[in-house]
Amino acid sequence: MDSSIPNLVTAYEEFKSSTEIDIAPGERRKIIHPNSLKSSKFEELITFLIDWINATLKQDHIVVQSLEEDLYDGLVLHHLLAHLGNIKLHVEEIALSTNAQKQKLSIILDTANQLLQVTEDDNLNWSTELIHKKDLISTLHLLVAIAKHFKPDIPLPQNVCVETLILEIDKTGIKTVKHLEYITEKSDDTEQEQIPEADGINDLFKLGPDKVKIVQQAMLHFTNKHLGSLGVVVKDLNTQLHNVTFVLELLKERGLLKYPVNPEDIVNLDSKATIRILHCLFAKYKDK
């Protein structure tokens, strides 16, 4: 297990305790990494959608405060589709039991999919089960699709991208996979926020500690070669890199960091993140 896994498990535990997420053994769930929940673009999208829904449903005296907590039972989606699609849904106004809520949601989402002209074969990012489980990613994808369909000129915040954790629990523990996912479209003039191409670091850490050690030694040699003129000697890649946030911002501004790296991962001695940064520099300057 590489050193990033404990950090992911810790993040999962913190996220679970704050959202009361429940994952059964053998189940795969996708959640938003806690760091992405704090990003300005993500918060902007949440605020925009809440304001849009509240403005649309003002005459119904419906006020949404939380997308996960207020949409899972189908009431808000029921009224939203009725207004935007100018249709009448034959569902009960308020569903109290879990089965009634899921049944109502299923009818609503079937109607929404018909209006959006999509089918399950299109690999939809939402479902009755996910929405009812208060899955924020699915809820956001659905709302963005509805907004774009019925209000094509609506000024949705662009380039909203989140880092997700795909979690699965088995007998050996928690398996995690990181993934970048766009919630809204990215603009053509945004290079820094595009989904990065794979840099091979994830594959490296699947090869075992011996292979990783070889690359670490190569990165260490590269680092000392270029820092020697400053009188700086690095013996440990994990513990001797300081001013992390400042350095990452510089790399982003210069267009050198093609793959997102969290400063916390460097501080927490994540070898994969450290090698990823040095590999970006190595790839750029190895022949200079």
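When a residue number appears, it is its place in the shown sequence, counting from 1. Scope of the values below: all heavy atoms of this structure, side chains included, with no hydrogens, waters or symmetry mates. Computed from a predicted model, the values in this text were never measured in an experiment.
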Atom pair [atom1]/[atom2] of [X] and [Y] - distance to nearest 0.5 Å:
X	Y	atom1	atom2	value
K133	T128	NZ	OG1	12.0 Å
L142	L77	CG	CG	6.0 Å
K41	N159	NZ	CG	5.0 Å
H79	I53	NE2	CD1	13.0 Å
H78	T111	NE2	OG1	9.5 Å
T56	N54	OG1	CG	8.5 Å

Under the 3.5 angstrom rule, does the side chain of [X] hit a backbone N or O of [Y] as a donor-acceptor pair?
X	Y	value
S138	L130	no
D135	I131	no
T184	P157	yes
D60	I62	no
S36	I32	no

Looking only at non-hydrogen atoms, find the nearest pair between I154 and F48 and report the distance. CG1-CZ, 3.5 Å

Correct closest heavy-atom pair for L49 and L140 would be CD1-CD2, 3.6 Å

Quick one: are T47 and F42 in side-chain contact, heavy atoms under 4.5 Å? no

Would you say the side-chain atoms of [X] and [Y] include a donor-acceptor pair closer than 3.5 Å?
X	Y	result
S66	E68	yes
Q101	H132	yes
Q117	H149	no

Checking side-chain contact (heavy atoms from CB on, under 4.5 Å) for the pair L37/L136: CA distance, chi angles, key distance, verdict? CA-CA 10 Å; L37 292 172; L136 182 55; 4.2 Å; yes

Starting from [Y], can I reach [X] by hopping between I/L/V/M/F/W/Y residues whose side chains sit under 4.5 Å apart?
X	Y	answer
I94	V64	no
L89	I146	yes
L143	I183	yes
L71	I46	yes
I87	L75	no

Under the criterion side-chain contact (heavy atoms from CB on, under 4.5 Å), which of E185, K148, K151 is the partner of L156? K148

Decide yes or no on salt bridge (charged side-chain N to carboxylate O under 4.0 Å, His left out) for E92 and K104, but give the supporting numbers first. CA-CA 7 Å; E92 54 186 318; K104 178 177 180 177; over 6 Å; no

For the pair H33 and T164, evaluate side-chain contact (heavy atoms from CB on, under 4.5 Å) and give the outcome as yes or no after the intermediate values. CA-CA 5 Å; H33 193 287; T164 62; over 6 Å; no

Give the intermediate values and the outcome of side-chain contact (heavy atoms from CB on, under 4.5 Å) for residues E163 and E181. CA-CA 6 Å; E163 183 176 34; E181 185 166 340; over 6 Å; no

Apply the test side-chain contact (heavy atoms from CB on, under 4.5 Å) to residues F150 and L115: give CA-CA distance (whole Å), side-chain angles for both, the deciding distance (0.1 Å), then the verdict. CA-CA 9 Å; F150 290 103; L115 294 172; 3.8 Å; yes

NZ/NE/NH1/NH2 to OD/OE distance under 4.0 Å, E43 and K38: no

Does V63 sit in a hydrophobic cluster with other residues, and if so which ones, taking ILVMFWY side chains as linked at heavy-atom separations under 4.5 Å, directly or through other members? none

